[in-house]
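Structure, as structure tokens:
For reference, positions follow the sequence shown, starting with 1.
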Amino acid sequence: MDRNLRIRMLLEAGDRVTGPLRAIAGGSTKAAQALKLTRDGLKEIERAQSDIAGFRKLKTGLGDTGTALGTARTRMAGLRQEIAAADKPSATLTRALAKTEREVTTLEATERKQAQSLQEMSLRLHTAGIDTNDLARHQRRLRT
């Protein structure tokens with residue numbers, strides 16, 4: 001019986017030592033899970049901030065392209081008027097018109113691509129719960 005008592009006492013002592021260690025291990029697992037969730041949340045915030053910056057850049061680029069396109073169209077209309085007014089337009093004038101027409105075509109294609117990208121980015125931001133009409137407020141919220 002002495003032997004059984006000693007074994008029981010050793011087992012109880014072992015339980016007293018390993019019990020807190022098991023609790024610590026369980027807490028460590030919970031802390032690791034919470035840390036992973038926090039990291040995932042931070043990645044989402046960083047992705048949203050990047051999307052907002054990309055949206056602003058696209059919007060600025062689209063505005064710049066629109067301005068350049070307007071200028072090129074005005075120049076093209078002016079060249080067409082000059083050619084129409086001339087009895088015999090010069091080769092230089094004809095080349096300038098052709099060059100401006102190519103420029104307008106290129107700018108129109110660029111503007112379409114930028115508008116499509118902007119629309120896709122806007123949809124992605126909207127899906128993330130960010131209203132593109134109030135980007136400054138959303139950016140401040142993400143920063144905090």
Side-chain angles (χ1 to χ4, degrees), residues 4 6-144:
N4 287 340
R6 273 191 250 151
I7 292 174
R8 197 175 332 143
M9 286 174 48
L10 285 173
L11 289 174
E12 286 176 11
D15 281 345
R16 279 190 229 121
V17 170
T18 59
L21 292 176
R22 278 190 299 243
I24 290 170
S28 175
T29 302
K30 289 178 185 176
Q33 290 170 343
L35 187 58
K36 183 185 181 319
L37 286 174
T38 302
R39 280 193 199 125
D40 292 345
L42 284 173
K43 283 180 187 176
E44 259 185 65
I45 289 171
E46 289 169 355
R47 193 174 17 257
Q49 285 179 324
S50 174
D51 286 349
I52 288 171
F55 181 86
R56 284 189 166 153
K57 185 177 178 182
L58 278 171
K59 196 170 183 178
T60 300
L62 183 59
D64 293 346
T65 301
T67 300
L69 181 58
T71 302
R73 284 179 175 157
T74 301
R75 188 170 53 247
M76 186 172 67
L79 289 169
R80 285 184 176 161
Q81 285 178 349
E82 279 186 60
I83 289 175
D87 289 336
K88 190 174 181 185
S90 69
T92 305
L93 195 57
T94 305
R95 280 193 306 270
L97 177 61
K99 181 181 175 187
T100 303
E101 286 174 339
R102 285 190 304 274
E103 184 182 350
V104 166
T105 302
T106 301
L107 286 169
E108 286 172 341
T110 301
E111 185 179 49
R112 275 192 303 277
K113 287 178 187 175
Q114 287 174 331
Q116 182 180 358
S117 295
L118 190 65
Q119 187 176 14
E120 290 168 2
M121 182 70 73
S122 177
L123 179 62
R124 191 165 60 214
L125 287 169
H126 179 72
T127 303
I130 297 172
D131 180 13
T132 55
N133 294 322
D134 195 10
L135 288 180
R137 182 177 59 82
H138 288 290
Q139 208 162 24
R140 279 192 307 272
R141 182 177 58 87
L142 288 170
R143 217 179 357 252
T144 57

Rounded distance (nearest 0.5 Å) linking atom CE of Met121 with atom CG of Asp51
5.0 Å

Once you round to the nearest 0.5 Å, how far does CD of Glu103 lie from CZ of Arg75?
4.5 Å

Reported OG1-to-CG distance for the pair Thr74 and Leu69, which is rounded to 0.5 angstrom
9.0 Å

Rounded to the nearest 0.5 Å, what separation is found between the OG atom of Ser50 and the NZ atom of Lys43?
14.5 Å

How close do Ala72 and Val104 get, counting heavy atoms only, and between which atoms?
CB-CG2, 3.6 Å

Tested for side chain to side chain contact (heavy atoms under 4.5 Å, CB included) against Leu97, the lone hit among Lys99, Glu101, Arg95 is Glu101

Ionic contact status for Arg73 with Glu108, cut-off 4.0 Å:
yes

When rounded to the nearest 0.5 angstrom, what distance separates CD in Glu82 from OG1 in Thr94?
10.5 Å

Just by distance, do the side chain of Ser122 and the backbone of Leu118 share a donor-acceptor pair under 3.5 Å?
no

Residues forming a salt bridge (charged side-chain N to carboxylate O under 4.0 Å, His left out) with Lys36, sequence neighbours excluded:
Asp40

Flag for Gln114-Thr65: side-chain donor and acceptor within less than 3.5 Å
yes

Within the supplied structure, the quantity of interest is the number of heavy atoms (other residues, nucleotides, ligands) at a distance under 6.0 Å from Gln119 CD; does it exceed 12?
no

Rounded to the nearest 0.5 Å, what's the gap from CD1 on Ile83 to NZ on Lys88? Could you check?
14.0 Å

